[in-house]
Amino acid sequence: MSAKIVIGLDGTETGERALSFAKDLASRMEDCSLIVTYIIEWSPFTFQTAEENAQRHKRREQEIELATTRIVQPAVDSLKTAGFQVTGLVRHGDVAEALNKLAQENDATQIVVGRVSAAGFAKRVFGSSTQNLVMHASVPVTVVG
C-alpha cells in the first residue's frame, strides 16, 4: 500500500518545518507521495451584489495565483528535484475542513501541518484551525512546532 501525505503550508517558518518533517518521513517510506497544499481562508457566507461577487471571484483567482507561485510551486519544485512524487494544490475555505477534505479526496494516510499559522493571528497558535483539524480529521495529523 502506498502512503500519501498532505502537507499544509501557510507561508511561515513552521510551515517550512512541517514540509521538512514530511519530506524526512516520506524518505523513510518505500512508496510515498506528497501533496503540498495551501488553504486560503475564505467564508462563502457573505451577502454581496452581483458586481461585488464578480470582484470577489477575480480576487480569489489572484489569491490562488499568488499562493501557487510564492508558496506551493517552490515547495513542489524542490521536492521533485529531490526525487519525490509530489503535487501541489491551493484551495479556498476553512483550513481544517479543506485539509481534511483534500486528505479524503486523495486517499491520504496522514496530514502534516505547522503549529503556528499566519503571523498576527494569536488565536491560531495551536488554536482554532489546527485544533479543529486534530480533533476532526479522518486520518492522523502530525503538528510540527
Side-chain angles (χ1 to χ4, degrees), residues 1-48 53-54 56-145:
M1 179 177 140
S2 67
K4 291 184 185 176
I5 301 172
V6 171
I7 308 161
L9 298 182
D10 61 0
T12 67
E13 188 178 316
T14 56
E16 289 300 314
R17 287 195 298 266
L19 181 65
S20 179
F21 177 86
K23 181 179 174 181
D24 183 58
L25 182 62
S27 70
R28 297 168 191 262
M29 297 179 182
E30 192 169 313
D31 184 18
C32 183
S33 60
L34 302 171
I35 303 165
V36 176
T37 64
Y38 184 89
I39 308 300
I40 301 166
E41 286 201 77
W42 189 278
S43 172
F45 304 109
T46 58
F47 299 97
Q48 299 176 327
N53 280 335
R56 187 176 190 204
H57 178 72
K58 183 178 179 182
R59 193 169 62 244
R60 283 177 59 142
E61 295 302 314
Q62 291 169 338
E63 289 174 337
I64 288 172
E65 178 63 28
L66 192 62
T68 300
T69 57
R70 287 190 180 174
I71 298 169
V72 173
Q73 198 56 52
V76 167
D77 291 345
S78 173
L79 290 166
K80 281 185 179 180
T81 299
F84 290 94
Q85 182 180 347
V86 60
T87 57
L89 301 168
V90 177
R91 297 285 187 268
H92 281 94
D94 175 81
V95 174
E97 289 177 14
L99 284 172
N100 190 49
K101 184 175 181 180
L102 284 170
Q104 291 172 330
E105 291 172 353
N106 291 281
D107 296 319
T109 52
Q110 185 170 358
I111 301 171
V112 176
V113 294
R115 182 176 57 85
V116 179
S117 295
F121 292 100
K123 70 176 188 170
R124 297 180 73 189
V125 177
F126 207 80
S128 60
S129 295
T130 305
Q131 187 175 16
N132 285 337
L133 179 62
V134 168
M135 289 190 310
H136 302 291
S138 56
V139 297
V141 176
T142 300
V143 180
V144 179

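Since this is a predicted model, take the numbers as computed values, not measurements. By convention here, the first residue in the shown sequence is residue 1.
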Exercise. Counting only N and O atoms by type, is there a donor-acceptor contact under 3.5 Å from the side chain of Arg17 to the main-chain atoms of Gly145?
Worked result: yes
Problem set entry | For Ala137 against Ile111, the heavy-atom pair lying closest together | CB-CD1, 4.4 Å
Seminar exercise, completed: Residue pairs passing the side-chain hydrogen bond (donor to acceptor under 3.5 Å, both in side chains) test with at least one member in residues 133-145, sequence neighbours excluded, are Asn100-Ser138, Gln104-Ser138, Gln110-Thr142
Problem set entry | Any donor-acceptor pair under 3.5 Å from Thr109 side chain to Lys4 backbone | yes
Problem set entry | Closest approach of His92 to Arg60 (non-hydrogen atoms, all atoms of both residues) | CE1-O, 3.3 Å
Problem set entry | Taking every non-hydrogen atom, the tightest pair across Ala18 and Val112 | O-CG1, 3.5 Å
For this session: Check whether any side-chain heavy atom of Leu9 sits under 4.5 Å from a side-chain heavy atom of Val36, and report yes or no.
Result: yes
Exercise. If only atom types and distance count, is the side chain of Asn106 paired as donor or acceptor with the main-chain N or O of Ala108 below 3.5 Å?
Worked result: no
For this session: Please round to the nearest 0.5 Å and tell me the distance separating atom SG of Cys32 and atom CG of Leu25.
Result: 6.5 Å
Under 3.5 Å, which donor-acceptor pairs do the side chains of residues 74-89 form with other protein atoms, sequence neighbours left out?
residue, atom, partner, partner atom, Å
Asp77, OD1, Gln73, NE2, 2.7
Thr81, OG1, Asp77, O, 2.9

Exercise. Which distance, rounded to the nearest 0.5 Å, do you find between the CD of Glu97 and the CZ of Arg91?
Worked result: 15.0 Å
Problem set entry | Other residues, nucleotides, ligands: >12 heavy atoms within 6.0 Å of Gln62 CD | yes
For this session: For the residue pair Leu102 and Ile39, establish whether any side-chain heavy-atom pair is separated by less than 4.5 Å.
Result: yes
For this session: Find the distance between CD1 (Ile40) and CD1 (Ile71) and round it off to the nearest 0.5 Å.
Result: 8.5 Å
For this session: Kindly compute the distance separating CG (Leu99) from CG (Asp94), expressed to the nearest 0.5 Å.
Result: 9.0 Å
For this session: For Leu34 and Ala22, work out which heavy atoms get closest and say how close.
Result: CD2-O, 4.2 Å
Exercise. Roughly how far, to the nearest 0.5 Å, is OG1 of Thr37 from CD1 of Ile7?
Worked result: 8.0 Å
Problem set entry | For Gly114 against Thr130, the heavy-atom pair lying closest together | O-OG1, 4.0 Å
Exercise. Can you name the nearest heavy-atom pair linking Ala67 to Val90, along with the distance?
Worked result: CB-CG1, 3.9 Å
For this session: Examine distances only and state if a side-chain atom of Thr68 and a backbone atom of Ile64 form a donor-acceptor pair shorter than 3.5 Å.
Result: yes
